[in-house]
Protein chains: 2
Amino acid sequence: MTFTFSNDDRLPLYQRLRDELAANIAENRWRPGEAIPTEAELVSHYGVSIGTVRKAVDKLVAEGVLERFQGRGTFVRRASFDNAMFRFFRFQSETGEPLAPEGRVLNREVVEAPAQVAQGLNITAGSPVIHLTRVRLINQRPLLSESIWLPKEKFSALLDIPLSEFGNLLYPFYEERVGCAVASAQEYLTVEPVGAKDAELLQIAEGTAVITVERVAFGYDQQPLEWRRYCGLASHFRYHVEIR
Amino acid sequence: MTFTFSNDDRLPLYQRLRDELAANIAENRWRPGEAIPTEAELVSHYGVSIGTVRKAVDKLVAEGVLERFQGRGTFVRRASFDNAMFRFFRFQSETGEPLAPEGRVLNREVVEAPAQVAQGLNITAGSPVIHLTRVRLINQRPLLSESIWLPKEKFSALLDIPLSEFGNLLYPFYEERVGCAVASAQEYLTVEPVGAKDAELLQIAEGTAVITVERVAFGYDQQPLEWRRYCGLASHFRYHVEIR
DNA sequence: TAGTGGTCTAGACCACCTC
DNA sequence: AGGTGGTCTAGACCACTAT
């Protein structure tokens, strides 16, 4: 069976196929963790050659959207960076083992989106948003203070759930309860003197240097889903990057 | 003409071809900025199909080693990240324009490699290394303090050159004077209270929070060429990263 | 054993750049 | 006009996985 691509036919075929495949994921026809059709099936469904299918899939693999396993199939990658702060912060037990932090939502309220949040979420300032205040702890010690904003319309289901049922990982929780899967994120880091509120939550002196991270999380359709700001002691910060 | 690959024949053909091509660059037969042979020439020289050549070149492009230009050819990419601190530090004039820093080498000495330097350079501790002390300035204001270590053997030519001839960019200088081209680097970031020496160079109070970066720079053959540590005021730090 | 992705081939035609 | 990389095809055979 052949298939007519709806996209701009000036684009290369493998690009348009990539967009078609990505749309199947964005619109939840292929779900995170599941296998997509085999290469042979894609060939006959879309009426292109195996090389073109492979190139389109290659792109999505390079983008981190798909994952291939020889002999098993090609799967929609489940983004698992709720623990992404491990990129920046290193928490260790006294014996040196890495530790998984606990997440505790302290407060939930519906507010009008502040300008910066609205810009990050690509909505109009003042739109209703859900604001969560959350701390991440290890051995009961608060190490990160988080402020999270979500568009109210899309996430209103979260308003009916007791705060105690919000687990340690929010992104799988969004997926389960709201059907919004997070595919990627962007983060901006700066070093700031800590503000009064965060200082209290982190039990540190006001004005201590903290790393502040602002994050926008995107769905598979590239639309912003969540905006958050979190901070933690600069002395826990450690980061590694490759340059080319 | 066919060609026998010296590498492990358990590896895929395109992998071995990639290694062959990379070796041509590492051993300076193909120089940064120059075009490599055309795809057709590579096909006949190595006796593989065009698809295999393209896949090998694809890899090196993805690694940032080569750069393709339709209609012109494929070129060895000239790594140009001597200004890599712009990834982490934001320096602006009073009118908000970005500014290019000046580099000034203050001191040069031959010392025995400290343990950490030796480890980074993959040499035995105590081997002779050249140690440079350098500041980066904007409008005569010191903003970054750098300490640079180079293996003495490979870089001994630098010992005969007046410090004033070390330009603002060291990597092109290494390439020109020593024939060592830098291809990639790794950096490790932490936040530290500034030490006495750096505090003096940066004209800030001892103990102020600075971002400290440790960098190993590698040649095209993946061998470490340079180890450096630099630091700058944490308040100038700003970083952006994408997560998938 | 059947099915999956991984590797490799051997072309054809196109778009773009340089001269 | 001639040469470059970019796209696309239509297979073959292999290595690995599940059952």
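Only a predicted model underlies this, so the values are computations on that prediction, with no experimental measurement involved.
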Once you round it to whole Å, what is the distance between [atom2] of [N] and [atom1] of [X]?
X: B/K59; N: C/dG6; atom1: NZ; atom2: P; result: 13 Å
X: A/I50; N: D/dG11; atom1: CD1; atom2: P; result: 12 Å
X: B/L17; N: C/dG6; atom1: CG; atom2: P; result: 20 Å
X: A/E39; N: D/dA10; atom1: CD; atom2: P; result: 16 Å
X: B/F75; N: C/dC16; atom1: CZ; atom2: C1'; result: 13 Å
X: A/R16; N: D/dT7; atom1: CZ; atom2: P; result: 12 Å
X: A/E67; N: D/dC16; atom1: CD; atom2: P; result: 19 Å
X: B/R54; N: C/dT9; atom1: CZ; atom2: P; result: 15 Å

Starting from the C-alpha separation in whole Å, work towards a yes-or-no answer on side-chain hydrogen bond (donor to acceptor under 3.5 Å, both in side chains) for B/E214 and B/Y230. CA-CA 7 Å; B/E214 293 173 2; B/Y230 62 93; over 6 Å; no
More than 12 non-hydrogen atoms from neighbouring residues, nucleotides or ligands closer than 6.0 Å to CD on B/Q119, yes or no?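 Count not over threshold, so no.
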Which nucleotide in [options] has an atom nearest any side-chain atom of [X]:
X: A/K55; options: C/dT7, D/dT7, D/dG5; answer: D/dT7
X: B/T52; options: C/dT7, D/dT7, C/dC8; answer: C/dC8
X: B/Q70; options: D/dG6, D/dT9, C/dC8; answer: D/dG6
X: A/L13; options: D/dG11, D/dT9, C/dT9; answer: D/dT9

Does [N] have its OP1 or OP2 closer than 4.0 Å to a side-chain nitrogen or oxygen of [X]?
X: A/R72; N: D/dC16; result: no
X: A/T38; N: C/dG3; result: no
X: A/T74; N: C/dT4; result: no

Any salt bridge between B/R18 and B/E20, counting N to O under 4.0 Å?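 B/E20 and B/R18: not salt-bridged.
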Any side-chain heavy atom of A/F237 sitting closer than 4.5 Å to one from A/L189? yes
Need to verify one output field. Residue with the more 5' nearest nucleotide on DNA chain D, A/V53 or A/F69?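 Nearest nucleotide further toward 5': that of A/V53.
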With a non-hydrogen cut-off below 4.0 angstrom, is B/G51 in contact with a base, only sugar-phosphate, or nothing? base
Ring centres under 6.0 Å, that's the criterion: do A/F69 and A/F75 meet it?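 Ring centres of A/F75 and A/F69 closer than 6.0 Å.
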